[in-house]
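Taking it in order: structure first as structure tokens, then the write-up.
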2 protein chains.
Amino acid sequence: MPAASKAKPAPVGRGRRAARASGDERERAILETAERLLEERPLSEISVDDLAKGAGISRPTFYFYFPSKDAVVLTIIDRLVTAAADSREEALATMAEGELRAGLRQALTDLYGAFRSRRAVTLAAAELRMRNPEARELWSQVMEGWVADVTAVIEAERARGAAPAGQPARDLAIALVQMNERVQYAAFTGESPSLDEDRVIDVLVDIWLRAIYGTAEPS
Amino acid sequence: MPAASKAKPAPVGRGRRAARASGDERERAILETAERLLEERPLSEISVDDLAKGAGISRPTFYFYFPSKDAVVLTIIDRLVTAAADSREEALATMAEGELRAGLRQALTDLYGAFRSRRAVTLAAAELRMRNPEARELWSQVMEGWVADVTAVIEAERARGAAPAGQPARDLAIALVQMNERVQYAAFTGESPSLDEDRVIDVLVDIWLRAIYGTAEPS
DNA sequence: AACTTTATCAACACTGTGTCGAGAGAGTCA
DNA sequence: TGACTCTCTCGACACAGTGTTGATAAAGTT
């Protein structure tokens, strides 16, 4: 007996049907085609037919594997989001007690790297979020997780007297996390104005440190 | 002679054809219909037929007035953007020398108000920007203007010794302006996480002041 | 009255989505 | 072996939306 045949816990699937046997191959082909095409052009300019053709099947057959174009992208985003969540947790873990400042830079660098390495998917996620509630929900969870962790860090730093009081920690965290999202997105698209890719981290870290540890007075 | 008939300097028009005589009325009806429908649902769920019906004309007749749905929205955005630019200039003008800190709060408040009062249009602009180069360009100009002014303010404050040195003023300005855009957008949609509408200004002003005037050390 | 301009829309061509129903091929089992 | 059941495939269809064409009406001009 080859390997898994019944022992496949239904890949949960962002609304897509469970896969089986030889069909796995097709499914992978569709996902790979989608990732490839997203490197070339925006999601809105990719049709179901493009995905089907790229995977070597007809358009109706595509619908055997995924209920829509959005579902394909959602599956891809799901992976990115999982990877990003791991990056975040790991980064914040190594950032325990004491050297928070250096740890923060590391955390922002790792997270930035996670999205930059999948730039095309990140941009597709932003596009899909505009019109797809499921994509919105998925992204929302990433942001919530990130905000929750940052809030905890800020509160801990304030509690041990390392950071001065100020706006509610969660409010501060929301604004900072959203700043990162927008600044990174702009750097990826290269729109103008935007930060050069190699300036992003320095600028963001500086603002984070000042927002968390600084006051509004020059020293 | 009624009034203007030939003496109409062709309203430049975001790609739309010049209007005339009784057609002006229709054109206005289309724009008003668009604004009204945008209060109800996202741009992607509004069709050319919806706009035509709302203005009391057939779909082909719509194309006599505007070349596409996007052109209608672009015209609307153009007005918002012009109003926002005025807000910005005015706010920064009253913010001359000295009381920069209070002026900054006023400037952010005014700009926030300009977009909040046209929430539906602001959200449509964000949506259109994703897939329309002209909308991107238009938005880009607003951001550039804003960044240029903020850069000048930061440099002036540093020059007179009121603000400490730090990241290049323009880089700082880009990140701060983009933070505002994202935080305001999130507050408008009410996505989660997002700041409560009445917390937005306090939080943003605090971060701006710390980023510009503060250092990364608690006082 | 002939002519021009503005304004209107039915009918068409086209692109893209998603569904239906008729199979083909592979595996099961009686 | 032959009936049965899966998985997988796709031609043909129905639909929704965009944008164009060409015929025509109504109003203004000469």
Side-chain angles (χ1 to χ4, degrees), chain A residues 1-6 8 10-11 13-31 33-34 37 41-74 127-128 131-132 134, chain B residues 1-8 10-11 13 15-31 33-34 37 41-74 127-128 131-132 134:
Chain A
M1 208 193 280
S5 76
K6 198 132 209 167
K8 193 130 181 268
R14 204 99 326 270
R16 75 185 199 280
R17 58 175 294 292
R20 254 197 252 299
S22 85
D24 264 6
E25 208 174 309
R26 297 296 199 189
E27 190 170 326
R28 230 180 322 107
I30 292 172
L31 291 168
T33 301
L37 294 182
R41 50 182 195 273
L43 179 56
S44 59
E45 283 168 31
I46 296 172
S47 70
V48 170
D49 206 41
D50 293 334
L51 297 180
K53 285 276 186 6
I57 55 179
S58 70
R59 205 167 55 77
T61 298
F62 166 92
Y63 288 101
F64 181 79
Y65 294 101
F66 293 93
S68 67
K69 180 177 74 175
D70 286 4
V72 175
V73 180
L74 234 17
E127 192 180 337
L128 195 58
R131 56 178 166 71
N132 184 302
E134 234 186 318
Chain B
M1 206 193 280
S5 77
K6 199 133 209 165
K8 191 126 182 271
R16 75 185 198 278
R17 59 175 295 290
R20 252 195 254 298
S22 85
D24 263 6
E25 206 175 309
R26 298 295 200 189
E27 191 170 325
R28 232 181 320 109
I30 292 172
L31 291 168
T33 301
L37 294 182
R41 50 183 196 271
L43 179 57
S44 58
E45 285 168 31
I46 296 171
S47 71
V48 170
D49 205 43
D50 292 333
L51 296 180
K53 285 278 186 4
I57 55 179
S58 71
R59 205 167 53 78
T61 299
F62 166 92
Y63 288 102
F64 180 80
Y65 294 100
F66 292 93
S68 68
K69 179 177 74 176
D70 286 4
V72 175
V73 180
L74 233 17
E127 193 180 337
L128 195 58
R131 57 179 166 70
N132 184 303
E134 234 185 317

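Computed from a predicted structure; not experimentally measured. Below, chains carry the letters A, B, ... as their sequence lines are ordered, and counting in each starts from 1.
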Could you tell me whether the phosphate oxygens of C:dG16, OP1 or OP2, come under 4.0 Å of any side-chain nitrogen or oxygen in A:S47?
-> no
With the side chain defined as heavy atoms from C-beta on, B:S58 is closest, among C:dC9, D:dC10, C:dT17, to C:dC9
note: B:N132, atom CG; D:dT18, atom P; distance rounded to Å ~ 14 Å
Can you find a donor-acceptor pair, distance only, under 3.5 Å between A:R59 side chain and C:dG18 base?
-> yes
Of the candidate nucleotides C:dC9, C:dT8, C:dG18, which contains the atom at the shortest distance from the side chain of B:P60?
-> C:dC9
Looking only at side-chain N and O atoms, does B:T61 come under 4.0 Å of OP1 or OP2 in C:dC9?
-> yes
Heavy-atom check, side chain of A:F66 versus side chain of A:V48, under 4.5 Å | no
Euclidean distance, atom CG of residue A:L43 to atom C1' of C:dG16 [Å, nearest integer] = 14 Å
Nearest of C:dT19, D:dC8, C:dT8 to any side-chain atom of A:Y63?
-> C:dT19
Could you work out which one of D:dC8, C:dT6, D:dC10 sits closest to the side chain of B:F64?
-> C:dT6
Heavy-atom side-chain contact between B:D50 and B:K69 under 4.5 Å | no
Choose from C:dT17, C:dT8, D:dC8 the nucleotide whose nearest atom is closest to any side-chain atom of A:Y65.
-> D:dC8
Mind calculating the distance between NZ (B:K53) and P (D:dG17) to the nearest angstrom?
-> 10 Å
Would you give the length of the straight line joining atom OH of A:Y65 to atom CG of A:L31, rounded to the nearest 0.5 angstrom?
-> 12.0 Å
Is the phosphate of D:dT7, meaning OP1 or OP2, less than 4.0 Å from a side-chain N or O of A:R26?
-> no
Reported CZ-to-CZ distance for the pair B:R26 and B:F62, which is rounded to 0.5 angstrom | 13.5 Å
